[in-house]
Amino acid sequence: MDASILSIDGLSLEFPIYQGAVRALNGVSLRVGPKEMVGVVGESGSGKSVTAMLAMRLLVADSYRVTAGSLTMLGQDILQASERTMLGLRGSQVAMIFQEPMTALNPTRRIGDLMLEVIRLHRHSGRDEARAEALSLLRGMHVADPEHVLRTYPFELSGGMRQRVLLAMAFSCKPRLLIADEPTTALDVTVQRQVLLLMREKARAMNTAVLFITHDMAVVSQFCQRVYVMYAGSVVEDGPTAEVMAAPRHPYTRGLLHALPDRVGSRVPLEAIRGTVPDLTQLPRGCAFAPRCPLAREACRERPPSLPVGHAGWHRAACWAVQEEDGQP
Amino acid sequence: MASALAHSLGFLWYRIRNSPLTLIGLAIMVAVLLVMALAPELAPRDPNLVDLGERLLPPSHAHWFGTDEVGRDLFSRILFGSRQSVAVALFVVPVSGTLGSFTGCLSGAVGGRTDALIMRCTDIVLSVPSLVLTMALAAALGPSLFNAMLAITVVRIPCYMRLARGQALVIREMNYTKAARTFGGSHWHIVRWHVFRNALAPIIVQGTLDVGGTILMAAALGFIGLGAQQPTAEWGAMVATGRNFILDQWWYSAFPGFAILVTATGCNLFGDGLRDVLDPRQKGR
């Protein structure tokens, strides 16, 4: 394989519960190359966040079980790595930003203290040096009065401002991978765009790869080179964003795109995907989407489809119906 | 920095000002602290001066609270007694509060087996009535004021641990703790800078409430002879000795008892008020 930043292969993970298990991930394969911006889309409960949390090893130890597959990040086998190795990776090599900037900053400490702390955790620089660094990072995020911001408490800042502070902290050590877990979901649409543009600009400047988790197809289409569509803990479709958006192949992706207001013309009724997300404790034997799928056939209920092997990097879908049409095995 | 502190203190004062009971509590606490500091100046006589000619005199102009069985002035002894009781509270609350809440936070933040083990230990301590356990410990260590303080401290620690752990469990799941982990903070660092700080408010309240309880506990130990030893003036011990004379010389037990009552009530009123003030759900009232 070429030098991947993040490479997940056939990963299955479950959370044991009373008499059974929640099968959160079922054979997820995913790859992020250097400098790439990769999107992961899916509904709540499709396994996007669990994947990100596992990559950072933030899931509570003993609460989950990896049943198959591997996860390699920056050459480290994350599933086996020691806590010490993880400490070395987190922050300095891999950074993460969260969905809600409102709660991601410690309310009892000043922005300056929080930023200096992160900078000094990884570089043994002096206070003044770190302070200068924090100021220049904030300026890089187009923060108007960084001196003042350093003195404020998080509650005094707006959501967009807080997300900029978090981005500044995330980029403070020039990470090679940034995991962004729905970074702009809680923000206004206008602020959302600014923050995303900033994120892209910084990522390009620092050669940082981005794993961008979201449920917003529109954002993915503008910012990501490649996209993975997840459903019920599996990747159902992947490929270059433009191709996936222009000609979605998996019935689920088609459904998702049909449910976008600005893609269908006016006066055309929006189509919701019928049914609901399956219960992850009782996944069907075959394709997890079969009960909701307009194209479902006998084979779908018996065997789970997989992404066609040997076409990595191409546009492909894990669907029997689609593969039949294409004459793929 | 200084201005921010002044600002929060100003805010606290603004909230407290509107609550008469808290003000009364605060006034009592301040008064007790003053008495403690100024006892030598305020006391009309040496608290340990024996004058057998003036045994068991009722309250009068010369002896405001009367005298005891060896003719010592009870008023002076009560003033000096505040030093013992308050000293106990000033030692026990900060020490047990700091130790207990820090280990509690650590336990909650680390989780898993360590947490289970620590919590079972606190369960054992909490399952025994605290007065009985304190008495047993104090007796085992030997009767002295310092040992009584140690015993009370040890028995108080698990309460703070429980409280802090409960807070830590909530804070551990907060986004900012997770964010701190993604930035590469170690367990120790996160407990110190993120969990402990945010868990502090209820612990401070518990601490002020505990001041009254601790004074009572110290008096109780003094009463059964496990606290300060003769001839040191200590409220609990004075009540205990006075019990022998209670039918004919009511003042002997009554005044030290009253001192305990007032001090403990004052601390509890202030603690209650502080809880209301610091409770974020009451903000904006």
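Because only heavy atoms are used, hydrogens play no part in the values below, and waters and symmetry mates are left out as well, while side chains stay in. Here is how names work: the chains are called A, B, and so on, in the same order as the sequence lines, proteins then strands, and each is numbered from 1.
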Taking the side chain as C-beta and beyond, is there a heavy-atom pair between A:M53 and B:K178 under 4.5 Å? yes
4.5 Å side-chain heavy-atom contact, B:H187 and A:L87: no
Are the side chain of A:N106 and the backbone N or O of B:R197 linked by a donor-acceptor pair below 3.5 Å? no
Heavy-atom distances under 4.5 Å only: say whether A:M96 touches chain B with side chain, backbone, both or neither. both
Report, as yes or no, whether the 6.0 Å neighbourhood of atom CZ on B:R113 holds more than 12 heavy atoms from other residues, nucleotides or ligands. no
Less than 4.5 Å to any heavy atom of chain B: does that hold for the side chain of A:E83, its backbone, both, or neither? side chain
Check whether A:T103 gets within reach of chain B through its side chain, its backbone, both or neither, counting any heavy atom under 4.5 Å. both
Any idea which heavy atoms bring B:A179 and A:A104 closest together, and the distance? CB-O, 3.7 Å
One should read off an interatomic distance between B:M174 CE and A:L105 CG, to the nearest 0.5 angstrom, of 12.5 Å
Heavy-atom contact with chain B under 4.5 Å, split by part of A:L114: side chain
Test item: B:R181 and A:R57 side chains (from C-beta on) under 4.5 Å apart, heavy atoms: no
How close do A:F98 and B:N175 get, counting heavy atoms only, and between which atoms? CD2-OD1, 3.9 Å
Which atom pair, heavy atoms only, marks the closest approach of A:P107 to B:Y176? CD-CE2, 3.4 Å
A:R84 side, atom CZ; B:S186 side, atom OG - distance, nearest 0.5 Å: 10.0 Å
Just checking A:D128: does its CG atom have more than 12 heavy atoms from other residues, nucleotides or ligands closer to it than 6.0 angstrom? no
Atom pair CE (A:M169) and CZ (B:F183), whose distance is rounded to the nearest 0.5 Å: 4.5 Å
